[in-house]
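Single-structure report; data block below.
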Protein chains: 4
Amino acid sequence: MPKISDEHRAARQAQILDAAWRCFYRQGVQATTMEQIMAESGLSASAMYRYFAGKDDIIVAAISSSLSRLGQLLEPILEAPQQRSVPALLQQVTAAIQSFSERPGFNLCRIALHGWSEAQRNERLRGLMRDFYAAFRDRLADRVRRWQAEGALDAGAPPQDVAQTLLSLIVGFVVQSAIVHDADPAAHGRGLAALCAPASA
Amino acid sequence: MPKISDEHRAARQAQILDAAWRCFYRQGVQATTMEQIMAESGLSASAMYRYFAGKDDIIVAAISSSLSRLGQLLEPILEAPQQRSVPALLQQVTAAIQSFSERPGFNLCRIALHGWSEAQRNERLRGLMRDFYAAFRDRLADRVRRWQAEGALDAGAPPQDVAQTLLSLIVGFVVQSAIVHDADPAAHGRGLAALCAPASA
Amino acid sequence: MPKISDEHRAARQAQILDAAWRCFYRQGVQATTMEQIMAESGLSASAMYRYFAGKDDIIVAAISSSLSRLGQLLEPILEAPQQRSVPALLQQVTAAIQSFSERPGFNLCRIALHGWSEAQRNERLRGLMRDFYAAFRDRLADRVRRWQAEGALDAGAPPQDVAQTLLSLIVGFVVQSAIVHDADPAAHGRGLAALCAPASA
Amino acid sequence: MPKISDEHRAARQAQILDAAWRCFYRQGVQATTMEQIMAESGLSASAMYRYFAGKDDIIVAAISSSLSRLGQLLEPILEAPQQRSVPALLQQVTAAIQSFSERPGFNLCRIALHGWSEAQRNERLRGLMRDFYAAFRDRLADRVRRWQAEGALDAGAPPQDVAQTLLSLIVGFVVQSAIVHDADPAAHGRGLAALCAPASA
DNA sequence: GATGAATGAGTCTTCATTCAT
DNA sequence: AATGAATGAAGACTCATTCAT
């Protein structure tokens, strides 16, 4: 019965990836050693190599699965039919990221920075990440188009430009969370609202 | 004559840091070896240790000097008295970053990602970076206050919130430059302008 | 029914040894891993250890069985009653070796080199091989004695010396086959005939 | 002064290759570990990698230098102008090999077997060895031609065939030395002489 | 009786750093 | 002041073998 074996395989791989993330989060991707992942996962050296071809494979799988999780986290927010205002969307997205990051041992923001850095020197990772962010920006552009159709946004602006700006706001929040440690969804929302508001309100 | 010695020292250090950056840019911080920096700088092993205490020192010095360069690049833009609109400022800042990044062998955007990642696992670096970005945000807040005083911006908004939003836009541009490779200052400006504009323009 | 079990056992062992030889032939003895033999034989790890005590046992059994096959190949040639001339015998033996070597996946010549090398560092193998070649040389000496009795060869020469020379010619052919790839039974026969011929023929 | 450095380099390389040969001789090529070569040479791990790119490089260099030594050993014998008989040449060559092999820690015959085996799975080595033996056989063919010119050998025989036969006798001696341990230059000479002699002498 | 997942000792190799010259 | 040879600890990865199921 291969089913048991497949489930076992998936479980072990998840076990390894979770351990890898806990290590990456603490020390960065390159500085994490296989031995540390072994210790964190409770598996032996050979067990790791049964489920992954090597360190690079673990890195790619871990980052890839992390991007998937991030996509699953943000998709419902983007697709919610009742989204009316840009600052509100931004606030919801950043709040979701923040609450997801607060779980112990898995800070999404710090991990993102490590992943971006690693993607600079890893072919597969670079493609993976470019595709993910390009796709995410396309979803944002869709959202912009709906707003424009609803009359909530200037219909003359190129949706891709607005999407690029929105994506910057989101990843900028991530960076400030990891570096300055005081990024605040509400502040981001207020700041953007202030920019959008007529000056002499 | 200690003065010559000091100049010599500074020149050698700059030579090493430049070489280090070229390596970091290509391969990331952790994956760069001392031997590669030696080869890139044309100096001997002992020379490196004469001018820096070790690899960590080179990393901190390189990132620190890079932050200084970035500050020097952006300061005149922030302080320019004639700055009138937020989208225009954003476009100027991102354009400056982009043109600075286009010089061969020193892509500021890619380097920033490496530096952020490294700062997660290096105490000194973390402090350095937090201080730099906090200070930069303070400068942005000053700018916001001036705009508010000039009536160009809603006076009721907390300047720090607006500054946080602006910083996000800037670093978001950096990330998109390095990851998706198509970040565009003009698009960022247009996108922000669209968000600020009244919907039914 | 132990008989079926015994047959089963022998069949499995042969299956393993055949697989082992295909691996040894390609990569040498030491460089072949148990996993490769497992893959080549289609058997599981535990099956290997059920039928052999370990890798060393497989090596010894494989080389031993190979020597037997070689002996069975050459024996009828040595014992053929109509053998009249030394060059003819040499040519027949080398031709037999060559045709045996041409089967895909089992080059006797290459395998011999691997076996000799391995015998240097394996006590059991060393004895096995010494005995085999000593016995083979004894058979050659018998042949020489028969030739001497028939008047086909100088009766004053020590048969063991002639046998040693003949064995050198044979294994020399094997080495040249594996290393220079152009060893030729006919050329060997002609060369020896030329040495035996009176100079001014 | 680069000369000192070059001499130093050559000396270290020789030191490593000598150590490697002592290990190869005892255990075969593949079964020898870098650590054993380190211990035998008295050098550290990194020192080895300063002078050789890796284990494969050491193997190739060691075998290559060994072939050179063998060539230097046999060349004067082949070129000696007073060589008159084939058995005498054979005896001189084998005797030279034997005396060279008797030095402690460097048995040329055992080493040859290891080298041949290794050449089966190492591209560079295979070419190296094929070229060496082909060239050696050409020298033998030259010798044969001279004998034929002097009337000492049947002028009608193809020199390359005779050379192939002679090479077989030599390498056959090497194999019997290493495997049966009783190969004897004099016996080889007598055996060949018996084959060459008229039967009813 | 058979499987294949698991192991831990061992392999080759690299690297930041030091030190004799 | 400067060199570059040397180090040893640590890195990723492999492999013959065992054991729970």
Side-chain angles (χ1 to χ4, degrees), chain A residues 1-2 4-5 8-9 11-12 15 30-38 41-59, chain B residues 4-5 8-9 12 30-39 42-59, chain C residues 5 8-9 12 30-39 42-59, chain D residues 1-2 4-6 8-9 11-12 15 30-38 41-59:
Chain A
M1 257 172 253
I4 291 174
S5 186
H8 182 75
R9 184 172 195 79
R12 277 275 186 267
Q15 180 182 359
Q30 286 296 323
T32 292
T33 73
M34 287 301 263
E35 204 172 346
Q36 290 168 329
I37 301 179
M38 284 161 46
S41 69
L43 292 174
S44 70
S46 342
M48 320 239 23
Y49 285 91
R50 168 174 293 275
Y51 297 105
F52 290 99
K55 193 185 178 186
D56 260 26
D57 248 51
I58 294 181
I59 293 172
Chain B
I4 290 177
S5 187
H8 183 72
R9 184 174 195 78
R12 281 275 192 258
Q30 286 296 322
T32 292
T33 72
M34 288 298 260
E35 204 171 348
Q36 290 169 328
I37 301 178
M38 284 161 45
L43 294 174
S44 70
S46 345
M48 320 270 333
Y49 285 89
R50 170 163 303 279
Y51 297 111
F52 290 99
K55 193 185 178 187
D56 262 23
D57 249 52
I58 293 179
I59 293 172
Chain C
S5 187
H8 183 71
R9 183 174 194 79
R12 281 275 193 258
Q30 286 296 322
T32 292
T33 72
M34 288 298 258
E35 204 172 347
Q36 289 169 329
I37 302 179
M38 285 161 44
L43 293 175
S44 70
S46 345
M48 319 271 332
Y49 285 90
R50 170 164 303 279
Y51 296 110
F52 290 98
K55 193 186 178 186
D56 262 22
D57 249 52
I58 294 180
I59 292 172
Chain D
M1 258 173 252
I4 292 175
S5 186
D6 276 6
H8 182 74
R9 185 172 195 80
R12 277 276 188 266
Q15 181 182 358
Q30 286 296 323
T32 293
T33 72
M34 288 300 264
E35 204 173 346
Q36 289 167 329
I37 302 179
M38 284 161 46
S41 68
L43 292 174
S44 70
S46 341
M48 321 240 22
Y49 284 91
R50 169 174 293 275
Y51 296 105
F52 289 99
K55 193 185 179 185
D56 260 26
D57 248 52
I58 293 181
I59 292 172

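We name chains A, B, ... by the order of the sequence lines, and we start the count at 1 in each one.
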Value in whole Å for how far the [atom2] atom of [N] lies from [atom1] of [X]:
X: D6(D); N: dG4(F); atom1: CG; atom2: P; result: 13 Å
X: M48(C); N: dC15(F); atom1: CE; atom2: P; result: 15 Å
X: I37(A); N: dG11(F); atom1: CD1; atom2: C1'; result: 12 Å
X: F52(D); N: dT13(E); atom1: CZ; atom2: P; result: 13 Å
X: L43(C); N: dT3(E); atom1: CG; atom2: C1'; result: 12 Å

Exercise. Between R9(B) and R50(B), what is the shortest heavy-atom contact and its length?
Worked result: NH2-O, 3.7 Å
Exercise. Which atom pair, heavy atoms only, marks the closest approach of A31(B) to Q36(B)?
Worked result: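 Between these two residues, the closest heavy atoms are O-OE1, 3.7 Å.
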Exercise. How does protein contact run along nucleotides 15-21 of chain E, one letter per nucleotide 5' to 3', with B for base contact, S for sugar-phosphate only, - for none, heavy atoms under 4.0 Å?
Worked result: BSBBB--
How many angstroms lie between atom [atom1] of [X] and atom [atom2] of [Y], to the nearest 0.5 angstrom?
X: K55(A); Y: M48(A); atom1: NZ; atom2: CE; result: 11.5 Å
X: E35(C); Y: I37(C); atom1: CD; atom2: CD1; result: 11.0 Å
X: L43(B); Y: R12(B); atom1: CG; atom2: CZ; result: 5.5 Å

Problem set entry | Nearest-nucleotide comparison on DNA chain E, the residue closer to the 5′ end among R12(A) and A47(C) |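 The residue closer to the strand's 5' end, by nearest nucleotide, is A47(C).
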Are [X] and [N] close enough that a side-chain N or O sits under 4.0 Å from OP1 or OP2?
X: Y51(D); N: dG4(F); result: no
X: H8(A); N: dT3(E); result: no
X: R50(A); N: dG4(E); result: no

Problem set entry | side chain to side chain contact (heavy atoms under 4.5 Å, CB included) between H8(D) and Y51(D), worked out | CA-CA 10 Å; H8(D) 182 74; Y51(D) 296 105; 3.3 Å; yes
Problem set entry | Y49(D): partners by side chain to side chain contact (heavy atoms under 4.5 Å, CB included), with sequence neighbours left out |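 In terms of side chain to side chain contact (heavy atoms under 4.5 Å, CB included), with neighbours along the sequence ignored, Y49(D) is linked to M34(D).
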Exercise. Where are the stems of DNA chain F, defined as at least 3 consecutive Watson-Crick or wobble G-U pairs with both distances under 3.5 Å?
Worked result: E:2-21 with F:2-21
